[in-house]
Amino acid sequence: MASEKPLVAVTCTAPVNIAVIKYWGKRDEDLVLPINSSLSVTLHQDQLKTTTTAAISKDFTEDRIWLNGREEDVGQPRLQACLREIRRLARKRRSAGEEDPLPLSLSYKVHIASVNNFPTAAGLASSAAGYACLAYALAQVYGVESDLSEVARRGSGSACRSLYGGFVEWQMGERADGKDSIARQVAPESHWPELRVLILVVSAEKKPMGSTAGMQTSVETSPLLRFRAESVVPARMAEMTRCVWERDFQGFGQLTMKDSNQFHATCLDTFPPISYLSDTSRRIVHLVHRFNAHHGQTKVAYTFDAGPNAVVFTLDDTVPEFVAAVRHCFPPESNGDKFLKGLPVRPAPLSDELRAALDVDPTPGGVKYIIATQVGPGPQTLDDPHAHLLGPDGLPKPAA
Ligand code: DP6
């Protein structure tokens, strides 16, 4: 067709999310359907994001993917599931007779390149941002406008929550085909401007078991997980939604910590047990509780995923004092000036009263660094063609 361009490329970015009501366990491994609903906060892309370019061309002979500059196996099942699903949605749209903005054949192969703006070595979960970004970019390149929860979810369950900004729930759904297992925004990123997020990057002592394998063993062996999914999470979802809507930090913080603790309790109830928290993680838990006890209220709240890093929620006026407390408990070893990344934090002294209340033997280097961030928006499309990670030949541009 003379009107066809040789290559159509779209570049998007997508955020990381952190669950405050955790997803752990699938009822259907293949369709990635969870045993309970979950709720997360979308983190700002100024600090943490994935950027993905998807390009289609009649000249491509096979689907290919590059992650952080390295070509990866495009045959991995979850990636294949995303590609199959997006092409199915595109075919459905075309057969429904809807106008197709891109006159490119659906049979064309796709090239995908994806990079993170944060080091994978930090142990921060990147699969949620990665698969949300992939779903979002593929949808545009193939002209799909329907709900993308299923596409992202097939890559990684938690990825469907990264399709929206602000506060997001993933409704577990009831149907066996998963059509009602979708992500929905609970409140936009502008809803709670004072909320801040501090990621305490902890030196990983050992490589933890991945989420997929971990939750599979938990579903098979943990009676506590079943109890959690059936009898605890439904009420917590409603309560967390209320806390978010009312900007009730006390309630939000306490429930966030309780849900993180219950998730890690189910890991310990798994057989053989799974342990994601390190000694430093546990020291952070104690620090947070002592900090709150000193103030007589919940001023900071931790949550931990399948690894030792802590994500701490607080309000903007508490950040300087809490960062001073972290510095006191975990004195930076060599990189004092690089200890704090992300949003600027005003230096604050640690009062003698708080120092005494913390009552700790400092652990130098326990926390490698802190990333200060806030609630952020969902995926974005970059209009600037210079942003493309793939050149006109469909191959990754050399890193600048
Ligand atoms: C502890 O979404 O990584 O972060 O669906 O198997 O890819 P898969 O698992 P994944 O699990 C995330 C688990 C968690 C809690 C959460 O994000 O809700």
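As a basis for the values below, the full set of heavy atoms in this structure was taken, side chains included, without hydrogen atoms, waters or symmetry mates. Order of appearance sets the numbers: ligands from 1, and atoms from 1 within every ligand.
Of all non-hydrogen atoms in A19 and R161, the two that sit nearest each other are CB-NH2, 3.6 Å.
For the atom pair CD of Q374 and OG1 of T42, the computed distance is 12.5 Å after rounding to the nearest 0.5 Å.
Protein heavy atom nearest atom 15 (C) of ligand 1, with residue, atom name and distance: Y23 O, 3.3 Å. In terms of protein heavy-atom proximity, atom 9 (O) of ligand 1 is nearest to M215 CE, 3.4 Å.
Note on ring orientation: taking the six-membered ring where Trp is involved, the planes of F60 and H111 are parallel (angle under 30°, cut-offs 30° and 60°).
The shell of residues lying under 4.0 angstrom from ligand 1, judged by heavy atoms, excludes W170.
Within the structure, every pair that satisfies the side chain to side chain donor-acceptor pair (under 3.5 Å) test and touches residues 291-303, not counting sequence neighbours, is listed here: K22-T303, Q250-Q297, Q254-T298, N261-Y302, H289-Y302, H295-E321.
Considering backbone and side-chain atoms alike, S38 places every N or O at 3.5 Å or more from each N or O of ligand 1.
Every residue meeting the side chain to side chain donor-acceptor pair (under 3.5 Å) condition with T212, not counting sequence neighbours, appears here in chain and number order: R78.
In this structure, R226 places its CZ atom where only 12 or fewer heavy-atom neighbours from other residues, nucleotides or ligands lie under 6.0 Å away.
Those atoms of ligand 1 with a heavy atom of F263 less than 4.0 angstrom away are 1 (C). Set against the non-hydrogen atoms of T212, the atoms of ligand 1 under 4.0 Å away are 6 (O), 7 (O), 8 (P). Close contacts of ligand 1 with K26, meaning ligand atoms under 4.0 Å from a residue heavy atom, involve 5 (O), 6 (O), 8 (P). Atoms of ligand 1 found under 4.0 Å from any heavy atom of A19, numbered from 1 in the order shown, are 16 (C), 17 (O), 18 (O).
Between R78, R161, E29, R153, it is R161 that holds the heavy atom closest to atom 17 (O) of ligand 1.
Remark: the E169 side chain and the T241 side chain contain no N/O donor-acceptor pair separated by less than 3.5 Å.
The parts of S158 lying near ligand 1 are both backbone and side chain, judged by heavy-atom distances below 4.0 Å.
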